[in-house]
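Take a look at the structure set out below.
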Amino acid sequence: MSTPRDLDGRIAQGWGGRKPNGCHVNVVLARRGSATAAAMITTYTAPSEGFTPILVSVGPDQPSYETLNPPTLMMSKTAGNARLVSGACQVGIAQGVLDAVGEDLLVADQETLVFVSVWLDPDADDETAARCSSREATRDAVREAAAGRDPAAAQRLVADRDRLTHPFYGGD
């Protein structure tokens, strides 16, 4: 297993679920006291309208909230769906991070910090599907950030670089 120092600055992305309740995340891992952690905390303390960072916490009601360990900051990449992002995605992100702890990829301590930027499809309408999607996306992204990408997958991208595409790209 990697130590918190080994993880500092690692970054990855993950997708979970299917439209319209699909979720995409970007994950950054940091070590407390590092420049990466300082940047994460700066983002947390500088909210903008529609994009308020949240310290992930869970519990049956507000007085019972518990902070996730490792501390996890989440921020929506899209305005809208505030209820689904703050509820379903927050729970799913917590579960995905704890899945990574359960796999010994992260330590449940205060030394490791996790930043999750989440995009939930604007047409999402199912809390359970959104929770499952954000859990899958977060777990997969943390797994990739902590353990690294399959070298063969990285080489495949190099080999296919002239044929790369993206759903938001319509050119030749």
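Only this structure's heavy atoms are used, side chains among them; waters, hydrogens and symmetry mates stay out.
The two residues Y65 and S57 make their nearest non-hydrogen contact at CD1-OG, 3.7 Å. The nearest pair of heavy atoms linking G16 to E136 is CA-OE1, 3.5 Å. Between S34 and A30 the shortest heavy-atom distance is OG-CB, 4.3 Å. Of all heavy-atom pairs spanning R149 and L157, the tightest one is NH1-CD1, 3.5 Å. Counting all heavy atoms, side chain and backbone alike, A146 lies closest to L7 at CA-CD2, 3.7 Å. Shortest non-hydrogen contact noted between A124 and N21 is CA-OD1, 3.3 Å.
For the atom pair Q90 CD and L55 CG, the distance stands at 8.5 Å (nearest 0.5 Å). The CG atom of L68 sits 10.5 Å away from atom CG of L73, with the distance rounded to the nearest 0.5 Å. Separating the OG1 atom in T112 from the CG atom in L29 is a distance of 8.0 Å, to the nearest 0.5 Å. From D6, atom CG reaches atom CZ of R31 across 10.0 Å, with rounding to the nearest 0.5 Å. The CD atom of E127 sits 10.0 Å away from atom SG of C89, with the distance rounded to the nearest 0.5 Å. Rounded to the nearest 0.5 angstrom, S134 OG and Q95 CD are separated by 7.5 Å.
Contact of the V85 side chain with the M74 side chain is registered, since non-hydrogen atoms from C-beta on lie closer than 4.5 Å.
Placement of L113 and Y44 within a single hydrophobic cluster is found when ILVMFWY residues are connected by side-chain heavy-atom separations under 4.5 Å, directly or transitively. Residues W15 and V25 do not share a hydrophobic cluster, clusters being chains of Ile/Leu/Val/Met/Phe/Trp/Tyr side chains in contact below 4.5 Å. Cluster annotation: V101 and V142 are assigned to the same hydrophobic cluster (Ile/Leu/Val/Met/Phe/Trp/Tyr, side-chain heavy-atom contacts under 4.5 Å, transitive). V118 and V91 sit in two unconnected hydrophobic clusters of ILVMFWY residues. Membership requires side-chain heavy atoms under 4.5 Å apart, directly or through other members. Placement of W119 and V114 in two distinct hydrophobic clusters is found when ILVMFWY residues are connected by side-chain heavy-atom separations under 4.5 Å, directly or transitively.
R135 and D99 are joined by a salt bridge, as a carboxylate oxygen and a charged side-chain nitrogen come within less than 4.0 angstrom of each other.
With T78 contributing its side chain and S76 its backbone, the two residues share no donor-acceptor pair below 3.5 Å. No donor-acceptor pair under 3.5 Å is formed between the side chain of S86 and the backbone N or O of R83. Proximity of a side-chain donor or acceptor of N81 to a complementary backbone N or O of D121 within less than 3.5 Å is detected. Judged by distance alone, the side chain of D160 and the main-chain N or O of R163 form no donor-acceptor pair under 3.5 Å.
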Would you sort out whether E144 and R10 count as a salt bridge (charged side-chain N to carboxylate O under 4.0 Å, His left out), showing the intermediate values? CA-CA 9 Å; E144 181 180 314; R10 294 202 182 186; over 6 Å; no
Run the numbers on V97 and V56 for side chain to side chain contact (heavy atoms under 4.5 Å, CB included), then give the verdict. CA-CA 10 Å; V97 169; V56 174; over 6 Å; no
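Heavy atoms from other residues, nucleotides or ligands lying under 6.0 Å from CG of D172 number 12 at most.
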